[in-house]
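Scroll down for the structure; my scribbles are underneath it.
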Amino acid sequence: DIPSHLDDLPPTLLKKDYANLPIMNSVDDVVKRLLSLEMASQKEKMKVKTQQLVEKVRRSPNDNGSFELLPLFFTVAVLTARIRTLEEHLQRHPKDKSNRRCMLMTLDRRRKMLGYLRRVNYGTFESTCKLLDIQYSPPQPYTRRVTKRWLVKKALCIKVFQEKQKLKAAERLKQRREWRARARAARARQE
């Protein structure tokens, strides 16, 4: 795993392009540090984090997207990497409001996807949360704050509804009487 802060990154963790080159064993430490993830751009670090989280979720090494819910797993892994990157950024820059908003929107997207996964297939939901080290808590049910104004308004609405029901009941009774009278007249004509 990639450590969370830049200072914690080991200099031996090289960028993807330079990791497999044989010449890297004989290169100076300064050059290795320049080519390490410590000096990488935020975009490159994000790619590595995303790749690592996707590898955790992937069922087999050659599995790039099996039929069922795997695209959802990959999306959750990518969103998790993005959230963790934004959390690190916000620890260094706590007043960055736009990135905080972006992180909250990403959290909301991931929560919705996890909620869907939880409803559809609970076993895979649990394993995904465990693999990605996510603590999911279901959303709280909506509760309305009870105020005096709301109580008065509700009482008025109930009263209006009851009055309307009384008027409708009287009209329905009148209508039924008319139907019965017509039915009697029709029977009388037939006899």
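Computation of the quantities below employed the complete heavy-atom set of this structure, encompassing side-chain atoms and omitting hydrogens, waters and symmetry-equivalent molecules. Note that the numbering runs from 1 along the sequence shown for the chain.
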request  = Apply side chain to side chain contact (heavy atoms under 4.5 Å, CB included) to I158 and list each qualifying residue two or more places apart in sequence or on a separate chain.
outcome  = K154, Q162
remark   = Minimal heavy-atom distance between C129 and L114, with the atoms involved, is SG-CD2, 4.2 Å
remark   = Joining Ile, Leu, Val, Met, Phe, Trp and Tyr whenever any side-chain heavy atoms lie under 4.5 Å apart, the cluster holding L156 also takes in V160
remark   = Residue set satisfying side-chain hydrogen bond (donor to acceptor under 3.5 Å, both in side chains) with R110, at least two apart, ordered chain then number -> T80
ask   = Stepwise, does the side chain to side chain contact (heavy atoms under 4.5 Å, CB included) test hold for R84 with E87?
value = CA-CA 5 Å; R84 290 184 181 157; E87 282 175 344; 4.2 Å; yes
message = By the salt bridge (Lys or Arg N to Asp or Glu O under 4.0 Å) test, which pairs, at least two apart or in different chains, include something from residues 97-108?
response = D108-R111, D108-K112
Rounded distance [0.5 Å steps], SG in C102 versus CZ in R82 = 4.0 Å
ask   = So T128 and L117, side chain to side chain contact (heavy atoms under 4.5 Å, CB included) or not? Walk me through it.
value = CA-CA 9 Å; T128 304; L117 187 61; 4.0 Å; yes
remark   = For L104, the other hydrophobic cluster members (4.5 Å side-chain criterion, sorted by chain and number) are I83, L86, L90, M103, L107
message = To the nearest 0.5 Å, what is the distance between CD on E178 and CZ on R182?
response = 5.5 Å
key: Non-neighbouring partners of S98 that pass side-chain hydrogen bond (donor to acceptor under 3.5 Å, both in side chains), sequence neighbours left out   = D96
ask   = Quick one: salt bridge (Lys or Arg N to Asp or Glu O under 4.0 Å) pairs with a partner in residues 155-168, sequence neighbours left out?
value = E163-K166
Partners passing side chain to side chain contact (heavy atoms under 4.5 Å, CB included) against R180 (at least two apart in sequence or in another chain) = R176, R184
note = Applied to residues 127-165, the ring pair (Phe, Tyr, Trp, His ring centres under 6.0 Å) test, sequence neighbours excluded, yields F125-Y136
remark   = Rounding to 0.5 Å, atoms CG (L79) and CE (M105) come to a distance of 11.5 Å
ask   = Should side-chain heavy atoms under 4.5 Å link Ile, Leu, Val, Met, Phe, Trp and Tyr, which residues sit in the same cluster as W179?
value = none
query = Going only through I, L, V, M, F, W and Y residues with side-chain contacts under 4.5 Å, is there a path from Y122 to I134?
reply = yes
message = Can you pull out every ring pair (Phe, Tyr, Trp, His ring centres under 6.0 Å) where at least one residue sits in residues 85-105? Sequence neighbours excluded, please.
response = H89-H93
